[in-house]
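Model, not experiment: these values are computed from the prediction. Each chain gets a letter, A, B and so on, in the order the sequences are listed, and its residues count up from 1.
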Amino acid sequence: MVTLSSDSRPIIGRGPPLGASFFFLAIVSITLMVLDHRGNYLETAKMWMGMATHPFYTVVQAPFDFWNWLTGSFADRSKLRAENERLTEELRVARIKALQFESLNEENRRLRAIRAASQGIADRTLIAEIIHVDVDPFRHRVRINKGAEDGVFKGQPVLDAFGIVGQVTRVDRYTAELILISDNEHATPVQVNRNGIRSIAVGTGDVNKLTLPFLTVEADVKPDDLLVSSGLDGIFPAGYPVARITKVERDPSQTFAVVEAKPMAQLDRAREVLLLWSETKREAAPETTPQTNPEAAQRPVEAPQS
Amino acid sequence: MAAGEIRSPGLRVTGTVLLALIFAILPLPGDLDVGRPHLLLLLVIYWALSAPRVAGLMFAWFCGLAIDLLQGPLLGQHAAAFLLVAFLTHKFQLRMRIFPIYHQTLTVFMLLALYEFLLFWIDGIIGQAVTTWMRWMPVLTSTLLWPFLVGILDTWNRRSR
């Protein structure tokens, strides 16, 4: 039984009647929800209110940071040396790859200029760290430690070292929220790297699985095909790895094949992600273009390619 | 906290609410986060029962708004659900306070189910419904937490009175 504390007289009879304040606040909540959902009118207000939540993230994050600092400062010398050697080796390999990349990139740029293609090449990147907070267990959303202060915008593509991770859905002052490509509300326009067949990879709510529901039974895909972003949504730049096909099931009586793929990015393990600014994005005003609206990208609007 | 130091429960309310907000985003190991209890909602119910002047509807609404900012896809969703629960609690406050604990727990269970249903319903309206049955887990875990929460907070309240 709940104890009566010193001032446990009921509030009924004091101040505005209970029903009236309930009614008033209910109207306010509904107005908020409609404004937020229908028109995205509250972006700025949300960003500022989001600042108030920042201390909570800091508090939750603090023990992890402390632990990292502790293990970092007391790591022994041989371990550091081994790590250093490994990193030098990796860097050497990466340098060689980058050499090739440079020339390919230049060639690509020239070819694109000839085609006057609209997809830009990644221009500026920024490393962000995923904050250790649980946003919602049923949605694949994560929070990163970069926000509007760092120029993050809604609909910005996010990658890790292996492929596309997702896009930014909400920006606060110092943090931002990402939707992962495996969220079941997210769809990524993709292209089979081998032959250029375009389709849409839809998240399933499982970090290891995407489905491609719009590929016909005749479509030329097979397991182990690499899917790269096609760039048709205007959000993800073209040519970044998204997933690798794991399963293709063709039932001749059906129109569409059952195709599943495994995301390349380490969606459940990555701690550091890369925010991407592409050339075309820089020219366009970031928050006003309809292209940057993730709602548009999350709906599979594009007709299936057959 | 020394006995008799604090007359008004205002500080205790603030303290517990801050802890509950941290608990709401604290990473839990493995799949435990699916069954994370709605600690803040339980606190709102508890304080609405035991200190209704401090924890009015406005208080509940702002708690809900804080949850919206921390994790909701939509501003105002949790605020509305918290408001409904607080309203019903205030409405039946005098009755709920004298219920025996099992009866009270059952009432809280129904309030939580209503809360979760309202969230589910709004999710459905905005087209982001989560339809797995796991979604209802927090209702169960929160209900199980209620008797313990009441026990702990009652003891604390009696001490600091």
Side-chain angles (χ1 to χ4, degrees), chain A residues 1-12 14-16 18-19 21-26 28-38 42 45-46 49-53 55-57 59-61 64 131-139 141 143 169-170 172 177 179 183-185 205 299, chain B residues 7-9 18 21-22 24-28 31 33-34 36 46 49-54 56-58 61 64-66 69-77 79-80 83-84 86-87 90-91 93-94 96-101 104 122 125-128 130 132 134-135 150 153-154 157-158 161:
Chain A
M1 196 188 299
V2 174
T3 339
L4 309 176
S5 61
S6 52
D7 65 336
S8 54
R9 283 159 293 168
I11 56 168
I12 297 165
R14 285 174 46 91
L18 195 61
S21 46
F22 171 70
F23 188 71
F24 170 71
L25 287 173
V28 172
S29 323
I30 292 168
T31 317
L32 269 184
M33 281 189 271
V34 171
L35 283 181
D36 193 17
H37 184 56
R38 290 284 155 178
L42 299 175
K46 260 168 122 173
M49 283 197 279
M51 266 181 86
T53 62
F56 291 102
Y57 295 127
V59 167
V60 172
Q61 182 72 1
F64 294 98
I131 306 182
H132 288 268
V133 293
D134 279 352
V135 180
D136 188 334
F138 301 108
R139 300 199 166 91
R141 314 269 165 121
R143 230 163 223 289
T169 49
R170 207 168 108 185
D172 289 341
E177 196 181 278
I179 180 170
D183 188 296
N184 54 11
E185 282 157 36
R299 309 266 175 272
Chain B
R7 291 253 146 239
S8 150
L18 289 181
L21 281 174
I22 289 172
I25 54 167
L26 198 68
L28 296 181
D31 289 334
D33 60 344
V34 172
R36 179 196 304 268
Y46 178 84
L49 290 177
S50 97
R53 295 255 203 98
V54 179
L57 292 188
M58 205 65 166
W61 192 78
L65 199 68
L69 283 171
L70 284 175
Q71 49 179 215
L74 187 66
L75 208 61
Q77 182 188 20
L83 178 69
L84 180 67
F87 173 68
H90 275 294
K91 200 88 185 152
Q93 183 222 11
L94 294 177
M96 270 182 80
R97 252 182 359 194
I98 54 164
F99 280 163
I101 191 70
Q104 203 177 54
I122 297 172
I125 290 176
I126 63 170
Q128 302 192 354
V130 177
T132 57
M134 290 301 269
R135 160 172 203 131
V150 170
L153 288 177
D154 269 0
N157 274 342
R158 238 177 264 132
R161 200 149 26 130

Q. Minimum heavy-atom separation for A:D36 to B:L75, with atom names?
A. OD2-N, 2.7 Å
Q) What option among B:A66, B:G76, B:P27 has the most heavy-atom pairs under 4.5 Å with chain A? A) B:P27
Q) Non-hydrogen atoms of chain A under 4.5 Å away: do they reach the side chain of B:A86, the backbone, both or neither? A) neither
Q) Where do B:L57 and A:S21 come nearest, in terms of heavy atoms and distance? A) CD1-OG, 3.6 Å
Q. Can you tell me how far the NE2 atom of B:H90 sits from the CZ atom of A:F22, to the nearest 0.5 Å?
A. 12.0 Å
(Q) With a 6.0 Å cut-off (strictly less than), is the heavy-atom count around CZ of A:F23, excluding the residue itself, greater than 12? (A) no
Q.
With a 4.5 angstrom heavy-atom cut-off, is it the side chain or the backbone of B:R135 that approaches chain A, or both, or neither?
A. both
Q) Where is the tightest heavy-atom contact between A:A26 and B:L83, given as atom of each residue plus distance? A) N-CD2, 3.3 Å
Q. How close do A:R143 and B:L70 get, heavy atom to heavy atom, and via which atoms?
A. NE-O, 4.3 Å
Q) How long is the span from the CG atom in B:L18 to the CZ atom in A:F56, to the nearest 0.5 Å? A) 5.0 Å
**Q.** Distance in Å, A:D172 CG paired with B:L69 CG, rounded so as to fall on 0.5 Å steps
**A.** 7.5 Å
Q) With only heavy atoms counted, which part of A:F64 is less than 4.5 Å from chain B, the side chain, the backbone, both or neither? A) side chain
Q) Step by step, would you call B:I25 with A:T53 a side chain to side chain contact (heavy atoms under 4.5 Å, CB included)? A) CA-CA 11 Å; B:I25 54 167; A:T53 62; over 6 Å; no
Q. Step by step, would you call B:W61 with A:V28 a side chain to side chain contact (heavy atoms under 4.5 Å, CB included)?
A. CA-CA 10 Å; B:W61 192 78; A:V28 172; 3.6 Å; yes
Q. Heavy-atom distance under 4.5 Å to chain A: side chain of B:L65, backbone, both or neither?
A. side chain
